[in-house]
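Here the structure comes first, spelled out in structure tokens, and everything after it is commentary.
For clarity, every value in this text was computed on a predicted model and none was experimentally measured. Convention: sequence-line order gives letters A, B, ...; per-chain numbering from 1.
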Amino acid sequence: MTDRPIIDIRHAAKSYGPLEVLKDISLQVQKGQIVAIIGPSGSGKSTLLRAINDLDPLTAGEVWLEDTQVNKALPTRQYEAHINSVRQNIGMVFQHFNLFPHLNVRENITLAPKMLKGISNEDADELAVEQLNKVGLLDRIDYYPSQLSGGQKQRVAIARALAMKPKVMLFDEATSALDPELVEEVNLVMKQLAEEHMTMIIVTHEMGFAQDVCDRVLFMDQGVVVEEGPPEVIFKNPANDRTKNFLRKHLKGQN
Amino acid sequence: MLRVFPYFLQAAWVTLQLSVLSCLLGLICGALGAAARLSRSPVLRLVGATYVSVIRGTPALIQIFILYFGGPQIGIQLEAFEAGMLALGFNIGAYMTETMRGAIISVDRGQNEAARTLGLSRFETFRAVTLPQAMRLMIRPLGVNINALIKGTALVAAVSVVELTYTAQRYIGSTYKPFEMFFLAGAIYMTIIYVTGHGVSWLDRRAALK
């Protein structure tokens with residue numbers, strides 16, 4: 001295997017003044033891999049995820065998407081053009097869905113492909129149908145976000161991200177804002193993506209999900225990756241005390 | 001009373017023209033002002049902030065006087081109507097700047113993030129995501145600005161523009177009926193305000209439909 005990683009984070013560091021949120025983190029993700037990032041709140045896991053598409057720029061270190069450096073130092077104008085084209089390849093799903101409330105489901109999905117890829121209305125419609133089929137919400141195509149449940153909103157948000165045909169999908173606590181009974185429908189969509197070998201990086205509090213679906217698990221605390229490995233090892237046989245402590249609290253009531 | 005009514009209607013037409021023209025000017029100033037205040041350029045931000053604080057920090061009457069009486073000193077010769085209309089427009093523009101800026105920044109930050117993450121540029125995001133949502137949020141507060149503007153047109157009576165308030169004052173001289181004259185002017189103002197207010201509500205309901 002000489003494959004270069006699809007995502008390559010090299011010595012990532014970030015601080016807000018004296019507060020270091022990320023301390024020298026490196027992470028390689030291969031194509032088709034599914035990586036879960038777990039850890040207590042404030043551990044820096046969301047910040048790391050948001051550094052991948054430069055939503056939260058790093059203070060030091062590099063992020064690479066295949067052979068393109070994401071956080072390249074460029075003059076403002078050039079950087080804008082560069083990052084906009086890079087971001088088309090990185091889908092992101094947020095805790096609070098962030099669907100566009102003034103657009104219906106179809107328009108939410110087709111907005112970016114139409115604006116950025118210049119596809120025709122018919123092709124855009126086809127794309128919306130295809131993506132909605134995938135997340136099982138074709139019957140909601142003309143609904144507005146306010147008419148959907150939380151789980152449905154998140155599935156539409158996933159469809160919206162997928163419509164750009166990204167190479168990588170980032171999930172930032174995608175099920176944390178959902179009522180417990182709505183979590184499963186979103187998990188199912190994510191599992192299905194996993195089966196299709198979508199490369200995914202998932203920040204999550206759902207240990208069960210991480211265990212079932214992911215190839216690798218990173219445990220982060222206080223801005224560092226404390227421990228990393230396959231889920232069997234991390235969940236069943238963690239080496240580090242901090243990992244053990246965290247899992248003891250979080251696995252209670254699960255499994 | 002009946003004898004003066006046609007003159008009041010004529011005056012109401014002038015008030016209406018003043019209102020509409022200065023409202024349009026105000027909307028333009030407001031949009032430019034909000035763009036400046038939200039710009040990435042510190043110079044533009046300063047220009048916007050100065051405009052807002054100077055206008056909101058001084059009486060509208062002084063602004064009208066400066067333009068009408070002070071203008072000729074620096075080579076700006078304006079008719080009373082023009083001076084009044086411009087001063088009112090620049091004046092309400094400062095308030096509209098703040099209204100528009102407020103609406104734009106109160107659109108959820110997550111909206112911006114979602115759009116940028118899809119690859120939309122700052123401008124595309126503003127046009128397709130932020131602005132349509134901000135427009136809905138600004139309809140009612142702009143309605144409040146317009147309400148204030150319509151009543152504020154009474155100030156240009158002070159530079160002898162023959163609008164409602166000036167007309168009321170003028171006919172007191174011949175009729176000796178100040179109560180009736182001012183009452184009539186007030187009733188006409190209220191009618192204009194009432195109709196405008198309903199127009200704004202209608203727009204707001206339409207925009208909020210979904």
Side-chain angles (χ1 to χ4, degrees), chain A residues 46 49-50 52-56 76-77 79-105 107-117 142-147 153 156-157 160-166 168-172 177, chain B residues 31 34-46 99-143 200-210:
Chain A
S46 278
L49 192 78
R50 290 161 58 88
I52 293 173
N53 59 8
D54 216 31
L55 217 49
D56 268 345
T76 313
R77 237 165 247 282
Y79 168 79
E80 276 285 316
H82 156 78
I83 198 66
N84 293 336
S85 75
V86 169
R87 282 178 178 156
Q88 295 188 30
N89 298 305
I90 308 178
M92 188 162 198
V93 175
F94 301 87
Q95 183 177 1
H96 296 289
F97 332 124
N98 298 347
L99 289 180
F100 307 130
H102 60 300
L103 303 177
N104 66 22
V105 167
E107 293 161 339
N108 263 279
I109 294 172
T110 57
L111 176 75
K114 271 178 161 171
M115 284 182 88
L116 303 174
K117 296 183 171 174
D142 291 317
Y143 283 49
Y144 279 84
S146 60
Q147 300 167 309
K153 282 182 197 170
V156 171
R160 176 177 69 178
L162 291 175
M164 289 302 287
K165 313 276 181 197
V168 184
M169 285 285 284
L170 311 176
F171 291 86
D172 192 2
Chain B
R37 290 216 60 184
L38 294 169
S39 152
R40 272 194 292 189
S41 146
V43 178
L44 284 178
R45 283 206 300 274
L46 183 68
T99 300
M100 292 182 187
R101 186 182 78 101
I104 290 165
I105 60 179
S106 61
V107 173
D108 181 33
R109 205 168 60 99
Q111 292 291 308
N112 186 59
E113 285 188 353
R116 296 307 308 277
T117 302
L118 288 164
L120 268 64
S121 69
R122 272 170 59 97
F123 180 71
E124 288 163 337
T125 299
F126 181 72
R127 179 165 64 87
V129 175
T130 313
L131 187 61
Q133 295 183 55
M135 293 278 252
R136 291 180 180 185
L137 294 174
M138 66 177 77
I139 293 174
R140 278 195 176 273
L142 281 177
V200 169
S201 298
W202 176 80
L203 268 178
D204 187 56
R205 272 198 311 277
R206 247 185 64 127
L209 251 180
K210 294 137 194 171

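- Proximity of a side-chain donor or acceptor of B:Gln111 to a complementary backbone N or O of A:Leu99 within less than 3.5 Å is detected.
- When heavy atoms are compared at a cutoff of 4.5 Å, A:Phe94 approaches chain B solely by way of its side chain, counted from C-beta outward.
- Taking CG of B:Asp108 as the start and CZ of A:Phe100 as the end, the distance is 11.0 Å to the nearest 0.5 Å.
- Of the two parts of A:Met92, the backbone and the side chain both hold a non-hydrogen atom closer than 4.5 Å to a non-hydrogen atom of chain B.
- Ranked by heavy-atom pairs under 4.5 Å with chain B, the first of A:Ala112, A:Pro113, A:Ala163 is A:Ala112.
- Interface residue A:Glu80: only side-chain heavy atoms are found under 4.5 Å from chain B.
- Closest approach of A:Arg160 to B:Ala114, counting heavy atoms only: NH2-CB, 3.5 Å.
- Contacts of A:Ser85 with chain B are absent, with no heavy-atom separation under 4.5 Å from either backbone or side chain.
- Proximity to chain B is limited to the side chain of A:Leu111, based on heavy atoms less than 4.5 angstrom apart.
- Using a 4.5 Å cut-off between heavy atoms, B:Arg40 contacts chain A through its side chain alone, with no backbone atom that close.
- When heavy atoms are compared at a cutoff of 4.5 Å, A:Arg50 approaches chain B solely by way of its side chain, counted from C-beta outward.
- A heavy-atom distance below 4.5 Å is not found between the side chains of A:Met115 and B:Leu118.
- Using modelled atom types, one side-chain atom of A:His102 and one backbone atom of B:Ala128 make a donor-acceptor pair closer than 3.5 Å.
- The heavy-atom pair separating B:Gln133 from A:Pro101 by the smallest distance is OE1-CG, 3.3 Å.
- For the side chain to side chain contact (heavy atoms under 4.5 Å, CB included) test with B:Thr117, the passing option among A:Leu170, A:Leu55, A:Asp54 is A:Leu55; the others fail.
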